[in-house]
Amino acid sequence: METALEVYNDDTEMKSPETQPIKRRKKKSMVWEHFTIECVEPNCRRAFCKGCKQSFAYSNGNKVAGTSHLKRHIAKGTCPALIHTQDNDNNQLMGTPYTPKSDTPRRRYRTQNGSSYVAFNQDKCRQEIAKMIIMHDYPLHMVEHPGFISFVHSIQPHFDAVSFNNVQGDCVATYLAEKQNVMKSLEWIPGRFCLTLDFWKSKLTLGYVFITAHFIDSDWKIQKKLLNVLMESYPEADEALSLAVANCVSEWGLEGKLFSVTFNHPASNPAVENIRPLLCIKNPGILDGQLVIGNCVARTFSSLAKDVLEKGKDVIKNIRDSVKHVKTSESHEERFVELKEQLQVPSEKLLSLDDQTQWNTTYKMLVAALELKEVFSCLDTADPDYKQPPSAEDWRHVEALCTFLKPLFEAASTLRSSENPSAVTFFHEVWKTQSDLSRAIAGEDPFVATIAKTMKEKVDKYWRDCSLVLAMAVVMDPRFKMKLVEFSFSKIFGEDAGKNIKTVDDGIHELFSEYMALPAPLKPTSEGGKVDGLSDFDTYIMETTGQNLKSELDQYLDETLLPRVQEFDVLDWWKQNKLKYPTLSKMARDILSIPVSAAAFDYVFDMEPREMDEYKTSLRPETVEALICAREWLLENDASSAAAQMSSANIKTEA
């Protein structure tokens with residue numbers, strides 16, 4: 001038997017259409033708890049905030065402005081009266097995009113026997129629609145699509161349809177609410193922040209800078225948080241990136257907390273120099289702004305791979321055409337497989353065409369083809385349609401290309417597979433690559449030497465820009481300290497090794513001196529809130545330690561290296577030794593939070609900068625930032641909740 005539904009308001013008696021009095025529809029939106037409507041001139045009414053008396057457009061003639069802008073006034077927390085009330089009552093309005101208290105009656109639905117009630121909340125539904133659009137990257141205009149309207153109406157006939165402007169406002173309100181939560185979480189970070197700038201282009205010649213903060217939390221776990229997505233009208237300008245960083249620092253209150261900046265694409269020297277002063281704002285001269293990395297390791301690897309592929313483009317085209325011949329015809333592929341079995345070629349590699357925007361796919365195509373070269377060399381005998389197999393010289397060149405690409409692929413794969421790739425790993429990879437290229441240049445093969453020379457120029461530049469940062473991270477690893485720096489520099493710089501080693505040693509000591517000069521944080525009181533009365537003794541220890549004994553840094557460097565175990569957690573080691581090295585551990589925390597790559601792990605093999613899609617470039621810059629940042633934050637929240645639930649379930653299972 002079907003269940004009939006009746007609709008009623010909590011404070012309104014059900015009446016038949018014949019007896020229902022004609023009256024103006026009662027306003028149901030929750031904003032009217034905070035606003036009143038006043039007529040300011042003929043045919044013009046404005047909404048006045050009850051708290052701060054600020055006025056907003058409501059109606060002009062027959063045009064009604066709606067309530068989204070009124071909700072944002074409340075949700076942003078910009079109303080002075082609401083802020084004062086929140087401070088006094090300790091009531092956080094920003095818990096959800098729009099959650100003011102209201103006694104406004106809600107529609108309820110009851111079954112015919114009156115045993116079940118379901119409250120309908122229009123505002124809650126709008127919040128969920130905004131969250132859905134953000135999390136799944138749906139276009140804002142979908143709320144105006146006839147199919148969506150029909151679908152929603154079939155589920156809830158009493159839901160008032162929303163417009164593009166409505167849902168845009170709701171999405172921005174969701175973003176602002178989540179932003180407040182992120183800001184509060186960052187207030188308790190004990191160390192400094194390292195920024196990465198990920199540059200995206202667009203077909204409209206506009207640029208978008210994704211700014212992400214990297215830091216180590218109070219539990220000594222490395223974290224990252226997307227802070228801004230800023231549109232740059234003139235991305236090629238030298239001041240574009242520095243303006244983006246300055247806006248981020250100001251908006252998020254990072255003055256005095258910035259430690260390093262890393263770009264994901266080559267920046268001009270003026271652009272880098274414009275960034276350096278921002279590192280010193282309210283900072284005690286953190287190495288005079290030297291911790292600016294002009295090109296991240298992922299983009300460096302991609303640039304090197306691009307050079308290799310460019311040098312071998314002709315032979316790569318021959319291989320690609322051969323693979324295309326096999327993969328685009330079922331009969332051709334059957335002949336190829338039959339011939340492989342006849343020749344008993346042991347390779348398990350599968351042929352596949354490459355995506356020329358992702359250099360790793362080209363490398364995999366070449367590796368697979370190289371292992372199957374015997375089949376390709378005989379394929380013209382089994383397949384009359386196959387006309388031009390690669391020559392022996394072509395295969396020799398393919399082998400050389402794979403030799404250059406293999407270490408780049410393995411290093412970049414580490415970036416993609418590891419959530420927090422170690423700077424120590426890439427210090428080793430870069431200096432080893434530089435040494436290998438030097439030997440290749442000295443070899444007799446002109447094809448190999450030409451490629452190696454081009455690559456070495458870029459590796460040398462990256463090493464000049466980043467060796468200090470990478471070496472500092474190595475020094476903060478108790479398995480290596482200065483010893484790995486001394487060993488690797490002797491291989492790279494030869495007679496000049498001593499000078500370069502001294503640069504790293506001086507930089508570490510200079511930075512430690514700056515940390516020693518920082519004002520000491522307030523000491524926590526002992527249990528029960530009582531001070532132990534030994535603050536003067538702490539001061540005495542600090543003074544005598546600094547004057548008469550070895551510094552923490554020198555004591556750390558002089559101690560024996562730890563064994564090189566594979567599963568060593570350097571952050572956990574510093575967590576366990578922070579009492580032994582109270583100042584040095586703070587410096588280590590900041591140094592080890594410097595990211596080696598600014599590119600998102602999905603994009604480490606990209607040949608070119610990412611491109612913002614045409615739909616987002618049609619939106620306002622503020623809306624683009626709200627949609628992208630809120631999506632990132634909401635997905636992180638869901639992942640954290642899922643991890644917590646899994647941990648709780650495991651604990652119960654073990655119990």
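Below, all heavy atoms of this structure are taken into account, side chains as well, without hydrogens, waters or symmetry copies. This is a predicted model, so every value here is computed, not measured.
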Shortest non-hydrogen contact from Pro621 to Met231?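 Where Pro621 meets Met231 most closely, the heavy atoms are CG-SD, 3.8 Å.
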Go through the steps for Arg46 and Glu41 under the test salt bridge (Lys or Arg N to Asp or Glu O under 4.0 Å), then give the verdict. CA-CA 9 Å; Arg46 296 186 66 81; Glu41 59 183 67; over 6 Å; no
Among residues two or more places apart or on two chains, list those pairs meeting ring pair (Phe, Tyr, Trp, His ring centres under 6.0 Å) that have a residue in residues 211-254.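 Non-adjacent pairs meeting ring pair (Phe, Tyr, Trp, His ring centres under 6.0 Å): Phe193-Phe215.
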Answer with yes or no whether the side chains of [Y] and [X] bring together a donor and an acceptor at under 3.5 Å.
| X | Y | answer |
| --- | --- | --- |
| Ser302 | Trp359 | yes |
| Asn274 | Glu239 | no |
| Thr361 | Asp354 | no |
| Asn247 | Ser250 | no |
| Thr357 | Asp355 | yes |

[X] and [Y] ion-paired at < 4.0 Å:
| X | Y | value |
| --- | --- | --- |
| Glu611 | Lys203 | yes |
| Lys616 | Asp137 | yes |
| Arg126 | Asp160 | no |
| Asp572 | Lys575 | no |
| Glu608 | Arg299 | no |

Can you tell me how the ring of His136 sits relative to the ring of Tyr138, calling it parallel under 30°, perpendicular over 60° and tilted otherwise? parallel
Aromatic ring pairing Tyr615/His141, orientation class (parallel under 30°, perpendicular over 60°, tilted between):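 Correct class here is perpendicular.
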Would you say [X] has more than 12 foreign heavy atoms packed within less than 6.0 Å of its [atom1]?
| X | atom1 | result |
| --- | --- | --- |
| Lys364 | NZ | no |
| Glu236 | CD | yes |
| Asn43 | CG | no |

So, the side chain of Ser413 versus the backbone of Phe409: is there a donor-acceptor pair under 3.5 Å, distance only?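 Yes, the answer is positive, given that a donor and an acceptor are paired below the 3.5 Å cut-off.
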Working note: Arg610 + Asp606, criterion salt bridge (Lys or Arg N to Asp or Glu O under 4.0 Å); need CA distance, chi angles, decisive distance, verdict. CA-CA 8 Å; Arg610 301 292 293 181; Asp606 284 8; 3.1 Å; yes
Separation between OG1 of Thr67 and CG of Asn166, rounded to the nearest 0.5 Å: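 The OG1 atom of Thr67 sits 7.0 Å away from the CG atom of Asn166.
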Could I get the full list of ring-ring contact (aromatic ring centres under 6.0 Å, His included) partners for Trp574, not counting sequence neighbours?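 Applying ring-ring contact (aromatic ring centres under 6.0 Å, His included) to Trp574 gives Tyr556, Tyr581.
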Of all residues at least two apart in sequence or in a different chain, which pass the ring-ring contact (aromatic ring centres under 6.0 Å, His included) check with Tyr208?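 Partners of Tyr208 under the ring-ring contact (aromatic ring centres under 6.0 Å, His included) test: none.
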Among Val624, Leu634, Leu226, which one satisfies side chain to side chain contact (heavy atoms under 4.5 Å, CB included) with Cys629? Leu226
Residues Gln127, Asn121; criterion side-chain hydrogen bond (donor to acceptor under 3.5 Å, both in side chains); working and verdict: CA-CA 10 Å; Gln127 292 169 20; Asn121 187 329; over 6 Å; no
Tell me, do Thr617 and Asp613 make a side-chain contact under 4.5 Å, heavy atoms counted?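 A side-chain contact under 4.5 Å is absent here.
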